[in-house]
Chemist: 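Quick one: the structure is below, and I'll ask about it shortly.
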Amino acid sequence: MHRYRTHTCGQLRKENVGETVKISGWVHSVRDHGGIIFIDLRDHYGLTQVVIDPSKPFYKGVEHWRVESTICFTGEVVNRIAEAVNPKLATGEIEIVANEMEMLGEAKVIPFQVAKEEECNETLRLEYRFLDLRRQSLHNNIVLRSKVIARIRELMTAEGFMEMQTPILTSSSPEGARDYLVPSRIHPGKFYALPQAPQQFKQLLMTSGFDRYFQIAPCFRDEDARADRSPGEFYQLDMEMAFATQEDVFEVNEKVLHKIFTEFSDKQVDAIPFTRLPYREAIEKYGSDKPDLRNPLIMQDATELFRNCDFKAFAGVVASGGTVKTIAVKGCAGESRKFFDDMIKFAQSVGSKGLGYLRWNEGEVQSPIAKFLSEETLNALKQLGGVSDGDVMFFIADNEKAACEIGGHVRNELGKHLGLIDPNVFKFCWIVDFPMYELDDDGKIAFSHNPFSMPQGGMEALLSKDPLEILAYQYDIVCNGTELSSGAVRNHSPELMVKAFEIAGYGKEVVEAKFPALYKAFQYGAPPHAGIAPGVDRMIMLLADEPNIREVITFPMNQKAQDLLMGAPGEVEFNQIRDLHLKLNLPKKIEKAAEEAE
RNA sequence: GGGGAUGUAGCUCAAUUGGUUAGAGCGCCAGCCUGUCACGCUGGAGGUUGCGGGUUCGAGCCCCGUCAUCCUCGCCA
C-alpha cells in the first residue's frame, strides 16, 4: 500500500465498497456528535467523508484536531445508509470507516475560514495566500488558468506555431513603460532590464527564418496597478507571423479566441469573424478605443442642430469650434428626477461642465433646456435620435476630444445604471486603423502607439501625407470593454523606419542607437511580419467572471507592488549592494523614519 | 504625485441626532450530544473602535493630521 494514499479524496464510489483504502488530505470540517465523529477530508480532487467510531484507539485525539490539518486515514469503504447519502458530493454514496490514522501536518488556528467562501480582507488573504488558494473559488480559477494555457498551447501548435523562449535579462528599451532594472556585477554602472514584452526578440525570430512563433510570455512593467492590471509582471500569449498580413493575424486569433472562450465559458461568444471597427468610428460612436459592445447605446453628432439655437452654453461651444454629442436612450423617460440629477453629477465627475437632456414624457418635453429650442430643432433632434414619447436624449457639449471621451463615460454609466448590458455574452471587436502619429502634450508630432508599426500607404504616405492623417496597420482586440491586446503589422524596412522616426523628430542615429538589433537585422533580408499578444491574465479574468485580476493570479502583488507573503521587495545585505557597485540614495522622508526607528 | 471609499473582536459586519457597561454571526475555548454533512445545544474568553491630536459635560460617530488597504486619474510604446 502506498505510503500516503491509494485513492484521492474525490475518487471513491459505490464500486469501491468493501475495499481497504488509504486517503490523505486536509480536514475540511469536523462534525463531532459526542460519540461518532464525521470528518470531511479534502484534497485537490474532492471531499470524502471519514467516520470515526468511539471505540477506535485514536478517537480521543480526533476531538482536538483542527480544520486544515493534514491527516492520513486507512479504513474500509462502506455504503452510506440510504438516508445519509449526500447528493451534493461526488463521493456522497460512500464513506470510509477509519481503522488507522496518522497526523501529517497539524494546523494552527487559521486566520480566516477556508471551507466557507466569506469575504475577507485582501491584505490578510495575500499574507496567507497558501490558505486562500485552498479556498474553492480561487483554487478553481487557478485550475481554469492552467487548463486554458494548456489548451492555448495545443491550439497554437495545431496552427503551426512554435513555442520559443526569449531572454528575461535583456537591455532597457527606450520606449514605453518604466523598466525593472537589474544591475550588472561584471559591468559596473550598467544594467539589464526585464523585458516589457518580447517585442524585439520575436521580430528578430521572424528575421531569423522562423515562420510562426508563440510564447506564454512573462512581461515586466514598473507601472501602477489597476483592477485589471497587476503590478510588476503579467503574461501575454505573444505571437508573430512571417509573410503575414493583418487579416492573417485576425484569422488565427479569431479561431483561437473563439475556441477558448466557447470551451471555457457558458456565455454566448460572438460568431467569427469578429466586428472590425475603425479607431475613428469607435471614438465617435462609443467615446472609447475599447468599447463594450454589449451596451447598445451609441453617440451621435448633434453639433449643427445647436449652432444657431438660443441655448447659449451649447451655441457658444459650437461657435468656438466645439462639438455636441448626443446619446438617445429608449424608454427611460419615466426614470426619477434623482436619476437625471445623478447622471449630471456623474458627467461632472468625469470632467463635463454639465449634461443636457430632453425627456419626452407623457406627451410633453420635460427638460431644463427645451425652452431654448425651437419646435423645428426639437423635431430635428427627435428624428436624429429616432426617439418618440417615453424616450430621452442626453447631450454633451465640449471640444471634440472631450465631448467624445465624456460621452463614452456617460454611455457606460447609462448602460450599467439601466441594466442594458447582457452579462451572458462575450462581444468581441477589432479596433483597426489607429493613427500612426498624434500630437503630444507639447503639440509635437509623436508616435501614437508603437514605433514598430507599418504605416498604411508605406513610404509614399510618409512622404506625401499630413502625418496626423496617416493610419497604421495597428490593431487592438477588445472583449466586453476590456482591451485584450494590441498588435500590428510591423515595419520591416530600414528606410521606412528611418523616415517614420524622422517625422517624429528623431534622426537616423537615434534609430541606430535605440533599436540597434532590429535596425541591423532588417538590412539583411527581413520578411514582412505581423503579430499580436493577447493578455492571458485578462482572458482568464473574463472567463472566470472576476472583476479583479488578482483573483486569477497565484501569488499576486498588492497595489503598491509588494508580495506580502514573500516580503518582496526586501532589503539585501550590504555586500550584495557593494558587489553591484551601487550606493543607496534614499528619499529624505525614509532616512528620517529610519533614524527615528533606531 | 492627485481624487474617492473604507478602517470597530481572529474573520464578516452592526451600533438611531454626539449620550449608560460597544453588539451579532462565524471562528476560538469548555461542557453536552452515536448519522451528521454549514451538525445541534449550553456556557465562556476575546475590543487602545488603525494611530496622534482637537472640539465637547460627554466622541466609534464631529474637526485636523497621519498610516494602511482597495478603486481611480496621471502612467501603462
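Predicted, not measured: the structure shown is a model, and the values here were computed from it.
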Chemist: Work out how far the P atom of B/A9 is from that of B/G52, and round it to whole angstrom.
Modeler: 16 Å
Chemist: Tabulate protein N/O versus nucleotide N/O from nucleotides 30-32 of chain B, keeping only pairs under 3.5 Å, one per line.
Modeler:
none

Chemist: Atom CD of A/Q199 and atom C1' of B/C76: how far apart are they, to the nearest Å?
Modeler: 15 Å
Chemist: Find the partner of B/A5: check Watson-Crick (N1-N3 plus N6-O4 or O6-N4) and G-U wobble (N1-O2, O6-N3) distances, both under 3.5 Å, and reply none if neither fits.
Modeler: B/U69
Chemist: Is A/R42 paired with A/E68 through a side-chain N to carboxylate O contact shorter than 4.0 Å?
Modeler: yes
Chemist: Per the salt bridge (Lys or Arg N to Asp or Glu O under 4.0 Å) rule, what does the pair list look like for residues 470-493 of chain A, sequence neighbours excluded?
Modeler: A/E240-A/R490
Chemist: Students often get this wrong, so: under 4.0 angstrom with heavy atoms, is A/R125 touching a base, only sugar-phosphate, or nothing?
Modeler: nothing
Chemist: Which part of the nucleic acid, if any, lies within contact of A/Q196, taking any heavy atom under 4.0 Å across all strands shown: a base, the sugar-phosphate backbone alone, or nothing?
Modeler: nothing
Chemist: Might you list the N or O atoms of the protein lying below 3.5 Å from N or O atoms in nucleotides 35-38 of chain B, with each pair's distance?
Modeler:
{"residue": "B/G35", "atom": "N1", "partner": "A/E95", "partner atom": "OE2", "Å": "2.8"}
{"residue": "B/G35", "atom": "N2", "partner": "A/E95", "partner atom": "OE1", "Å": "2.6"}
{"residue": "B/G35", "atom": "N2", "partner": "A/E95", "partner atom": "OE2", "Å": "2.9"}
{"residue": "B/U36", "atom": "O4'", "partner": "A/H33", "partner atom": "NE2", "Å": "3.2"}
{"residue": "B/U36", "atom": "O2", "partner": "A/R31", "partner atom": "NE", "Å": "2.6"}
{"residue": "B/U36", "atom": "O2", "partner": "A/R31", "partner atom": "NH2", "Å": "3.3"}
{"residue": "B/U36", "atom": "O2", "partner": "A/Q49", "partner atom": "OE1", "Å": "3.4"}
{"residue": "B/U36", "atom": "N3", "partner": "A/Q49", "partner atom": "OE1", "Å": "2.9"}
{"residue": "B/U36", "atom": "N3", "partner": "A/Q49", "partner atom": "NE2", "Å": "3.0"}
{"residue": "B/U36", "atom": "O4", "partner": "A/Q49", "partner atom": "NE2", "Å": "2.8"}
{"residue": "B/U36", "atom": "O4", "partner": "A/R80", "partner atom": "NH1", "Å": "3.3"}
{"residue": "B/C37", "atom": "O4'", "partner": "A/R31", "partner atom": "NE", "Å": "2.9"}
{"residue": "B/C37", "atom": "O2", "partner": "A/Q49", "partner atom": "OE1", "Å": "3.4"}
{"residue": "B/C37", "atom": "O2", "partner": "A/N86", "partner atom": "ND2", "Å": "3.1"}
{"residue": "B/C37", "atom": "N3", "partner": "A/R80", "partner atom": "NH1", "Å": "2.7"}
{"residue": "B/C37", "atom": "N4", "partner": "A/R80", "partner atom": "NH1", "Å": "3.4"}
{"residue": "B/C37", "atom": "N4", "partner": "A/A84", "partner atom": "O", "Å": "2.3"}
{"residue": "B/A38", "atom": "OP2", "partner": "A/K88", "partner atom": "NZ", "Å": "3.1"}

Chemist: Both distances below 3.5 Å, Watson-Crick or wobble geometry, any strand: find the nucleotide opposite B/C28.
Modeler: B/G44
Chemist: What's the closest nucleotide to the A/N121 side chain, out of B/C11, B/G27, B/G1?
Modeler: B/C11
Chemist: Quick one about A/D433 and A/Q456 (side-chain donor to acceptor, distance below 3.5 Å, no hydrogens or angles considered), yes or no?
Modeler: yes
Chemist: If you count heavy atoms of other groups shown closer than 6.0 angstrom to NZ of A/K290, is the number above 12?
Modeler: no
Chemist: Using the C1' atom on both, measure B/A59 against B/C64 and round to a whole Å.
Modeler: 15 Å
Chemist: Have a look at A/Q559 and say if it touches a base, only the backbone sugar-phosphate, or nothing, with a 4.0 Å heavy-atom cut-off.
Modeler: base
Chemist: Tell me: CG of A/D224 to C1' of B/C70, nearest whole Å?
Modeler: 14 Å
Chemist: Is it true that A/D132 and A/R129 have a side-chain N and a carboxylate O under 4.0 angstrom from each other?
Modeler: yes
Chemist: Would you classify A/L124 as touching base, sugar-phosphate or nothing, given that sugar-phosphate means primed atoms plus P, OP1 and OP2, and contacts are heavy atoms under 4.0 Å?
Modeler: sugar-phosphate
